[in-house]
Structure formats: structure tokens, C-alpha cells
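The block underneath contains the structure these notes are about, expressed in C-alpha cells.
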Amino acid sequence: MKNDFQVIVVGGGHAGMEAAYISARMGVRTALISLSREHIGLMPCNPSIGGLGKGHIVYEVSALGGLMPQLCNDTYLQARMLNTSKGPAVQGLRLQIDKYAYKTKAQAVLGATPNLTIIEGMVDGLVVDTTQEKPAVIGVRVKHEGSRVSYAAASIVITAGTFLNGVLHVGTEQTSGGRVGEVAVGGFSNVLHELLGVKLGRLKTGTPPRLRTTSIDYAVLEQQEEQKLEYLYTFDPPVEGVREKMPCFIAHTTKETHDIIAKNIRLSAMYSGNIKGVGPRYCPSIEDKIGRYPDRFSHHVFVEPEGQDIDEIYPAGLSTSLPYDVQLAYIRSIPGFKNAEIVRPGYAVEYDFIQPTILSHALETKNVSGLFFAGQINGTTGYEEAAGQGIVAGINAALKAQGKPPFILDRSESYIGVMIDDLITLGVDEPYRMFTSRAERRLLLRQDNVFARLMPYGYALGTIAQDVYDRMIAEQAIVRRASEYVLRHKQGAAYLALQQLVFDDAVSAAAKAELCKILELETISGRALLQIYAAVRYDGYLQREEAEVGKLKHYANLAIPFDFSYHGIQGLSFELQQKLTRYKPAVIAQAQLIPGMTPAAISLLIYHVRKSLGMIG
């Protein structure tokens with residue numbers, strides 16, 4: 001075997017890029033093996049990154065020194081903060097991306113990254129050392145044109161996306177492929193099955209047809225209002241500021257649209273029985289929407305540009321596996337799309353995945369040393385979820401190769417920690433998508449405080465530059481000083497300004513000016529201002545959440561007697577009593593993961609378990 005690498009990453013999607021990039025930045029000799037150099041960094045579905053919950057993950061990737069946020073800065077077309085009518089804990093930054101510029105930039109950055117080698121080929125086997133008590137991967141077998149080469153490494157990260165036994169569906173037509181125009185990977189699923197001793201499952205995702213930009217009547221559509229933002233996903237704002245480069249629009253389906261789809265729904269691959277895999281509940285196809293909500297006669301369609309110099313738009317909300325002629329008919333029934341031309345039809349893709357319960361919190365398989373998994377192969381959906389797993393898998397693969405302890409993110413300190421904990425503990429029965437509602441500690445896990453929360457980890461790993469880290473520390477000193485001052489002077493001018501703070505320029509400017517005057521500062525960032533606002537607005541709640549986090553960590557391993565009765569516990573809903581009885585968690589940490597469990601319910605459970613054990617008189 002060729003022995004040039006310490007870490008090998010298989011797959012060049014969003015999970016693979018993050019894993020390879022962060023591993024190389026940690027000073028580890030890394031190889032990224034992709035079926036096609038040209039397709040590394042491709043955005044095969046929606047041309048956007050972020051949103052509610054998803055945006056939090058991208059911020060966390062940024063705080064750890066990852067790649068995705070940097071690429072977003074250089075290739076965004078429009079920036080919007082979602083949920084601004086609500087508090088900062090549940091807002092989400094979402095960027096419209098020039099997907100072709102994104103791919104080009106990704107390939108350029110990866111190609112120039114020290115310690116990183118890109119190899120084109122298909123991985124069709126693993127080299128495993130079985131002489132130890134626990135099997136360990138020590139390399140991969142790669143099929144190049146006309147030859148097969150083996151490469152050795154201490155850690156292997158598999159980020160296969162939708163390529164394992166991938167099948168594309170358009171109506172009743174089925175084609176082997178991982179994505180349109182790209183071959184599927186056959187046989188590797190069997191390699192994983194034999195090595196891990198688990199059967200792989202099937203999932204499904206889909207994409208809408210792409211339409212020719214110049215065939216759309218934009219005068220009929222609703223244009224999204226431009227927002228003025230100071231920051232994107234990186235700690236420092238873009239040099240030229242945040243500005244809208246291309247607008248997005250909104251269209252609406254009609255009763256005629258729904259009638260066409262309902263009439264032909266039997267021709268959809270989802271309804272014909274051709275697809276066995278489970279699709280994403282929270283990003284359903286248009287035929288799924290019509291089937292689920294027959295009494296609703298209009299759905300939003302977000303008309304998103306795919307690139308500045310590309311005559312192609314992405315109609316988000318119209319994911320489909322209907323035949324081409326039906327796609328064209330229902331598209332043209334939508335106001336503004338009367339003369340629309342389909343550049344590429346929508347399709348569904350079905351693929352193999354592993355149950356992530358076989359993984360540790362480091363995303364390493366429990367029964368095979370050195371083998372890591374990240375991305376859609378773990379049952380997730382979305383670029384952001386893939387990147388979040390990719391950076392954790394890449395960090396841990398590098399640490400493993402260096403003989404160092406693993407890096408684990410707790411669910412109380414990060415959305416990435418929430419996601420990984422959900423995946424490895426509960427597994428998946430449908431593609432997993434991140435929402436802010438999945439995090440029990442939303443007030444603590446905000447976008448505005450992400451660098452204070454996680455950048456120290458990136459700095460310790462060597463992936464955050466000294467000057468950036470110093471600026472973060474200086475900003476946090478201002479936040480602490482200002483927050484303490486405002487909370488001490490609860491009727492002062494700064495306090496009143498913060499209480500009235502909404503997310504428009506005038507009030508934000510007034511609050512900034514007032515705080516700068518009081519604290520004798522030249523200026524204060526909008527991000528720092530949000531942290532101060534959150535500290536004041538959520539003061540009592542934050543203290544309570546921090547206390548609950550400490551309490552849960554203290555009692556996480558408190559054993560729950562097998563015969564413990566949940567029935568009749570006052571304050572615990574009947575639904576939770578039933579779930580706890582059915583799941584029978586062995587410890588408090590397992591009870592916390594049961595869907596519907598609230599912090600209050602956990603505190604109540606801790607009290608009653610301790611009482612039953614004689615720990616409370």
C-alpha cells in the first residue's frame with residue numbers, strides 16, 4: 001500500500017470537504033478521494049445555505065475553523081435573517097449562494113490547502129487489520145482508470161452522500177446514479193455490511209426541475225425585500241459589507257396546479273411503489289404536499305437564482321419525481337411560469353445509509369477502530385448537517401491519527417452536539433433535519449454567542465488564527481462589561497434602549513450610540529449588541545438554564561430502577577408517563593432524549609428517582 005497519509009476522506013461533498021479541510025489544517029497528512037475532481041463542492045440541490053437551526057450549525061462550523069462559512073462569504077447572492085420578529089435565540093441566517101462560484105471556490109481553496117492531496121477514483125474496498133482484539137481500518141482500495149491502488153491511513157472518513165447503490169427516479173423511469181450525470185457506487189454497501197455486521201437501510205431525497213431564468217415573468221411574482229445585515233457566518237464581516245447581489249422572488253401554486261398533480265399522482269415514483277426508501281418529512285415533494293393536504297390550494301414557491309451568470313433558477317418547494325410532461329404542465333399552471341422552460345427535470349434519488357447508532361459521539365464506529373462516518377450516509381439531509389458532521393469527523397480522525405483523545409461536543413453547548421447525540425442515540429427512521437426546537441437549551445445556543453461558545457475549541461485545535469481569536473476575546477470583554485453595567489442600572493438610558501431594541505437600523509443605531517457613550521467605546525459591533533440584549537432580556541432564564549445544564553450533567557448517569565413507576569407523578573404529562581414506561585430509560589441522560597421531554601420534566605424525574613432511591617428524605 002502507498003503510505004503517504006494519516007487520514008483519508010472518501011467523498012467530496014459538504015461533509016467530505018469539511019472533514020478533509022479541518023484535518024489538513026490540524027497539520028495531518030490528508031487525502032480527499034472523490035469520484036470526480038470537477039464535482040467537489042457541488043451543490044446538487046437548493047442553492048442556499050442556512051436557515052432556522054441550519055444556520056446555527058454553519059456558525060458553529062465557522063467557530064471551529066471550517067470551510068463552508070468562508071465559501072459563503074465569497075459566493076453569496078442574498079443574505080436574510082429569518083424569524084426577526086422573534087428573539088435572537090430562534091433567528092437563523094440564510095444565504096442564497098451562487099452554486100457554481102461556490103464549487104469553483106471550494107476546489108481552489110482545497111487545492112491550495114497544505115497537507116491535503118486530492119485523488120480522483122472510486123473507493124471500492126477497505127483494508128482492515130484483524131490481528132487485534134478490535135478490528136481496525138488501515139487503508140482503502142481505490143479503482144482508477146484501468147488500475148487499482150491501495151492507500152494506507154490510520155483514520156478513514158466515509159462521506160458517501162447519496163452514491164451508495166443510488167437510483168434516480170423520474171416518473172416510472174429508473175436510472176442508476178448518485179446524482180444526475182454521475183455514476184452510483186455499487187458493492188461498497190456490501191463491504192460495510194460485512195465489516196460492521198449491520199444491514200444498511202434506504203432513504204430518499206429529491207429535487208425540483210430547474211427553469212430557464214429568461215422564461216419567467218418576474219412582474220407577476222412577489223420580490224423579497226432586501227435586508228441590511230452587518231455580518232455573515234464568519235467572525236469578521238465581508239470587506240465590502242453585506243449587500244444584495246441578486247433578488248429572490250416568491251410564486252404560488254394554484255388549484256389548477258394541484259388538480260394536475262392529483263390527476264397524475266399515481267405516476268410519481270413515490271406513489272407508484274417504485275421507491276422503498278423513506279423521504280424527508282420536513283422537505284416533502286410537491287406531490288406529497290398535495291397528497292397530505294388535499295384541502296389546501298396554494299403553496300409557496302421560492303424562486304431562487306442558481307448563479308449570477310447562469311440562465312437557471314431553482315423553484316424551491318417543487319421537489320418532484322413526476323414524469324417530465326406532468327412537471328411541465330403543473331409548472332406552467334403557476335402564475336409567472338406560464339411560458340417557463342425546464343432546463344433539467346426534477347427527480348428523486350434513493351440510496352443506502354447506515355444506522356448512526358453504531359457510531360460514538362466522535363462519529364467513529366464502535367466496533368471498528370479508525371472508521372468514521374459523516375453526512376447523508378448517517379441518515380441526515382442538508383448541506384449544513386453534513387458540514388457539521390464532517391468537521392467533527394475530520395477533527396476526530398486527525399486526533400486519532402495523532403494518538404490523541406477524541407473531541408466531543410455536548411448537546412448543551414452546540415447544535416452540532418444536539419444533532420450527533422440525536423443520531424447516535426435515537427437513530428433515524430427518516431432523513432434527519434436540524435431545527436431550533438431540537439435543542440433543549442436554545443437560549444444558550446444562539447448565533448450571536450457562537451464564537452464565545454466554540455472558538456476556544458478551534459483555537460486549541462490550531463484551526464483559528466491568533467488575531468481572530470484575540471478580537472473575539474476583546475469583544476467578549478466588552479460584552480461582559482456592558483451586560484454587567486446595564487443589569488446594574490435597570491432603569492438607565494442604555495437599559496431602556498435595549499428593551500426597545502428591534503432589528504431595524506434606527507433603534508440599533510440608538511442603542512449602539514448610547515452604550516458606546518456610557519462605556520467610552522468608539523464603536524460596538526451588532527453581534528456584541530445582540531449578546532448584551534440577550535443577556536438583559538433573558539437574564540433570569542439564562543441563569544436557570546445554566547443551573548439546569550449543571551444539574552443534568554451532575555445527574556446524567558443517575559440510574560433509574562428498572563421497575564420504577566412513572567404513573568401518577570404530579571406535573572408529568574400522561575403522554576410522557578406513557579413514553580417513559582415504553583422506553584424504560586436506564587439513566588437520566590437516556591430519558592432526556594425521549595421526544596417531548598422538557599427541562600422541567602427532567603428536573604421532576606430527577607427528584608422522584610432520587611426520592612425512590614432514598615437520596616431525598
Side-chain angles (χ1 to χ4, degrees), residues 1-37 39-41 61 64-68 70-71 106-129 132 135-144 147-160 362-365 368-375 386-387 389-407 457-466:
M1 288 194 296
K2 293 188 176 182
N3 192 22
D4 298 325
F5 309 110
Q6 295 167 282
V7 171
I8 292 174
V9 179
V10 180
H14 295 280
M17 289 196 303
E18 290 297 342
Y21 179 73
I22 204 71
S23 172
R25 291 199 67 202
M26 291 172 65
V28 172
R29 297 189 309 279
T30 305
L32 172 61
I33 303 178
S34 173
L35 290 170
S36 167
R37 284 176 176 266
H39 291 150
I40 291 174
V61 169
L64 294 172
L67 179 61
M68 177 178 277
Q70 302 175 44
L71 300 178
Q107 293 171 14
V109 172
L110 292 171
T113 299
N115 305 312
L116 181 58
T117 301
I118 298 173
I119 299 171
E120 191 170 70
M122 179 185 289
V123 173
D124 61 1
L126 296 171
V127 183
V128 183
D129 178 5
Q132 307 297 320
V137 289
I138 56 173
V140 297
R141 294 189 178 91
V142 183
K143 185 165 61 176
H144 298 280
S147 65
R148 183 174 274 101
V149 181
S150 293
Y151 295 95
S155 299
I156 311 295
V157 184
I158 306 296
T159 68
L363 295 180
E364 182 182 18
T365 53
V368 178
S369 180
L371 182 61
F372 299 79
F373 287 85
Q389 294 169 75
I391 198 166
V392 170
I395 289 170
N396 281 303
L399 291 173
K400 181 90 173 184
Q402 294 171 328
K404 296 178 180 178
F407 170 70
Y457 289 133
Y459 180 69
L461 291 165
T463 58
I464 296 294
Q466 183 69 54

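Values below: every heavy atom of this structure, side chains too, minus hydrogens, waters and symmetry copies. Not measured: the values here are computed from a predicted model.
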task = Could you tell me whether the side chain of S155 and the main chain of G370 form a donor-acceptor pair under 3.5 Å?
result = no
query = Rounded to the nearest 0.5 Å, what separation is found between the CG atom of L64 and the OH atom of Y459?
reply = 15.5 Å
task = Check step by step if side chain to side chain contact (heavy atoms under 4.5 Å, CB included) holds for I118 and Q107.
result = CA-CA 10 Å; I118 298 173; Q107 293 171 14; over 6 Å; no
key: Smallest separation among heavy atoms of V140 and V127, with atom names   = N-CG2, 4.2 Å
request  = Not counting sequence neighbours, list each pair that qualifies as a side-chain hydrogen bond (donor to acceptor under 3.5 Å, both in side chains) and has a residue in residues 13-27.
outcome  = Y21-Q70, S23-T30
inquiry  = Rounded at 0.5 Å granularity, tell me how far NZ in K404 sits from CE in M26.
reply    = 6.5 Å
ask   = Between V128 and L371, is any pair of side-chain heavy atoms under 4.5 Å apart?
value = no
task = Just do the side chain to side chain contact (heavy atoms under 4.5 Å, CB included) check on D4 and Y151 with the steps written out, would you?
result = CA-CA 8 Å; D4 298 325; Y151 295 95; 5.5 Å; no
Distance, nearest 0.5 Å, that separates OG1 of T365 from CZ of F372 = 8.0 Å
query = Given the rule in the side chain to side chain contact (heavy atoms under 4.5 Å, CB included) test, do N396 and L363 qualify, once you have shown the distances and angles that lead to the verdict?
reply = CA-CA 8 Å; N396 281 303; L363 295 180; 5.9 Å; no
ask   = Between L399 and Q402, is any pair of side-chain heavy atoms under 4.5 Å apart?
value = yes
task = Go through the steps to decide whether I119 and H144 satisfy the test side chain to side chain contact (heavy atoms under 4.5 Å, CB included), and finish with yes or no.
result = CA-CA 9 Å; I119 299 171; H144 298 280; 3.5 Å; yes
task = Please work out whether the ring planes of F407 and Y457 are parallel, tilted or perpendicular, with thresholds of 30° and 60°.
result = perpendicular
inquiry  = Listing request: all side-chain hydrogen bond (donor to acceptor under 3.5 Å, both in side chains) pairs with a residue in residues 110-125, at least two apart in sequence or in separate chains.
reply    = D124-R148
key: Spacing of I8 atom CD1 and I33 atom CD1 [to the nearest 0.5 Å]   = 5.0 Å
task = Write down the atom of G16, the atom of L32, and the distance for their closest heavy-atom approach.
result = O-CD1, 4.1 Å
ask   = What's the spacing between I138 CD1 and D129 CG if we round to 0.5 Å?
value = 5.0 Å
ask   = Checking T463 side chain against G458 main chain: does a donor-acceptor pair fall under 3.5 Å?
value = yes
inquiry  = Measuring from atom CE of M122 to atom OG of S34, what distance do you get when rounded to the nearest 0.5 angstrom?
reply    = 10.5 Å
